[in-house]
Protein chains: 2
Amino acid sequence: MITLYLAEDQSLLNTALAQLLGLEDDLQVVGTATDGQTALTEILALQPAVVILDIEMPQLTGLDVADALKQQHYAGKVMILTTFAQKTYFERAVQADVAGYLLKDSPSDQLITAIRRVVAGQTLYAPELVVNMLSSEQNPLSKRETEVLQVAAQGGTTKAIAAQLFLSDGTVRNYLSAVFSKLGVHSRLAAVQVAKAHQWL
Amino acid sequence: MITLYLAEDQSLLNTALAQLLGLEDDLQVVGTATDGQTALTEILALQPAVVILDIEMPQLTGLDVADALKQQHYAGKVMILTTFAQKTYFERAVQADVAGYLLKDSPSDQLITAIRRVVAGQTLYAPELVVNMLSSEQNPLSKRETEVLQVAAQGGTTKAIAAQLFLSDGTVRNYLSAVFSKLGVHSRLAAVQVAKAHQWL
DNA sequence: GTTTGGCTATGACAAATGTCACAAAAAAAC
DNA sequence: GTTTTTTTGTGACATTTGTCATAGCCAAAC
């Protein structure tokens, strides 16, 4: 019998999956949560063989939970189950030694077979991710440039940005100018648009 | 026996729900789709008693499908099943005479009872929506102001905005100035932030 | 029938923004 | 150990942006 724990923000999917997985002879759902903090506490108490984590959850994200479990040298397998194939999420998940990274756009029976394979020792990554990793352009901005743009995206004035980052007024304008040049735009708003589209922000 | 059709973008939820609903004695899932166009065609062919529609789907949204079904004087009941309680979505749904508007953050057994009630002739709206409708502030911007801000949000220069809307350069600046004053900000970026936060954009 | 509000426009001004050249220290890469 | 990149800064300039006063036209409201 494989014991499962399910952490999923969206109650409908959470309950539906819990019931469906429970119908399988070799699977048993020992607990569910709709937020990361509850999930982490209960996982450590219940010690399920497989943990299935959504990423976007209140309080702690699924990735935060995976990190915490890694630090505790958790014995069971950890799987991430999320909507989008975001490079940054995936990279963090790999860092946290997850045994599986699946997308919500594959049918539920694939999830079930994936669980069995993970228990058998396999590591499963959704194929879309590999494609996405290769095709997605990398951020041409330096760390600081990204940071400045990020703060600028909040909509504050140059002065406000400078104050928040402990920089001079002119330096901020210089950074932004460099950002614009790299992104091929001429204004903050346009830069934010482009950066968001590429998920660099 | 209640015949059901399920249109849901996310395959995992789609398949999980289809299986779960099919387990009920009085429910039968006669078809599913992951996009609006397929859903509409198949619904008209299969004539299910209840149609469950997600909103955000490729090609046609659930609301588009609901509109089309209303125009055809469709005999069955139409239910919307979506993630967020957005006022604008809800209003459109009510216009399309949907029999139910449910949120994905309630458990799956509530969906099942909701289906039975809708078939019995009841109309069900998620309680969160009523709260949301009352609490959400209304857009203080005029139609044209909203339009200008919307175009400005794309990141173009004043000239580009003016060209796109067939306005003079100065008029665009005036509109934006009025928008800023109403939203309590002093820049385009900040205005876009505020407007997006309130879902006025 | 007048008043109100929305749409459009111009001109002028102050402030903010974007650009460029230049420079120097620190960190990273080779 | 040298070169390159990154980070930070100044000063100056052109352009863009935001603000305000003012005004005509139109439609809706009262």
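Labels below follow one simple rule: chain letters A, B, ... track the order of the sequence lines, proteins then strands, and each chain is numbered from 1.
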Do any side-chain nitrogens or oxygens of A:S168 fall under 4.0 Å of OP1 or OP2 in D:dT10?
yes
Kindly state whether the ring of A:F90 and the ring of A:Y125 have centres lying under 6.0 angstrom apart.
yes
Looking at every strand, decide which applies to B:L167 at a 4.0 Å heavy-atom threshold: base, sugar-phosphate, or nothing.
sugar-phosphate
Would you say A:H186 reaches D:dT16's phosphate, i.e. side-chain N/O to OP1/OP2 under 4.0 Å?
no
Please check the phosphate of D:dT16 (OP1 and OP2 only) for any side-chain N or O of B:T157 closer than 4.0 Å.
no
With a 4.5 Å limit on heavy-atom distance, are the side chains of B:L63 and B:Q95 in contact?
no
What contact category does A:Y175 fall into here, base, sugar-phosphate, or nothing, at under 4.0 angstrom with non-hydrogen atoms?
base
Flag for A:E56-A:Y89: side-chain donor and acceptor within less than 3.5 Å
yes
From CZ of A:R173 over to C1' of C:dA16, roughly how many Å is that when rounded to an integer?
8 Å
Please work out if A:S187 contacts a base, only the sugar-phosphate, or nothing of the nucleic acid, heavy-atom cut-off 4.0 Å.
sugar-phosphate
Report yes if a side-chain nitrogen or oxygen of A:S142 is closer than 4.0 Å to either non-bridging phosphate oxygen (OP1 or OP2) of D:dT6; otherwise report no.
no
Any side-chain N or O of B:R188 under 4.0 Å from OP1/OP2 of D:dG18?
yes
Whole angstrom is fine here: how far is it from NZ in A:K159 over to C1' in C:dA16?
8 Å
When you check the phosphate oxygens OP1 and OP2 of C:dA16, does a side-chain N or O of A:T158 lie under 4.0 Å from one of them?
no
Rounded to the nearest angstrom, tell me the gap between atom CZ in A:F180 and atom P in D:dT15.
18 Å
Can you check the A:N174 CG to D:dA12 P distance for me, whole Å?
15 Å
Atom CG of A:D169 and atom C1' of D:dT8 are separated, to the nearest Å, by 14 Å
May I ask you to test the A:L13-A:K104 pair for a side-chain heavy-atom distance under 4.5 Å?
yes
Pairing of A:R92 and A:D64 as salt bridge, 4.0 angstrom limit:
yes
Presence of B:R144 side-chain N/O under 4.0 Å of C:dT8 phosphate oxygens OP1/OP2
yes
By nearest-heavy-atom nucleotide on DNA chain D, the more 5' of A:T171 and A:K182 is A:K182
Atom-to-atom span, NZ of B:K143 to C1' of D:dA27 - whole angstrom
12 Å
In this structure, how many angstroms lie between the P atom of D:dT16 and the CG atom of B:L189, rounded?
18 Å
Just the rounded figure in Å: distance from C1' of D:dT6 to CD of A:E147.
13 Å
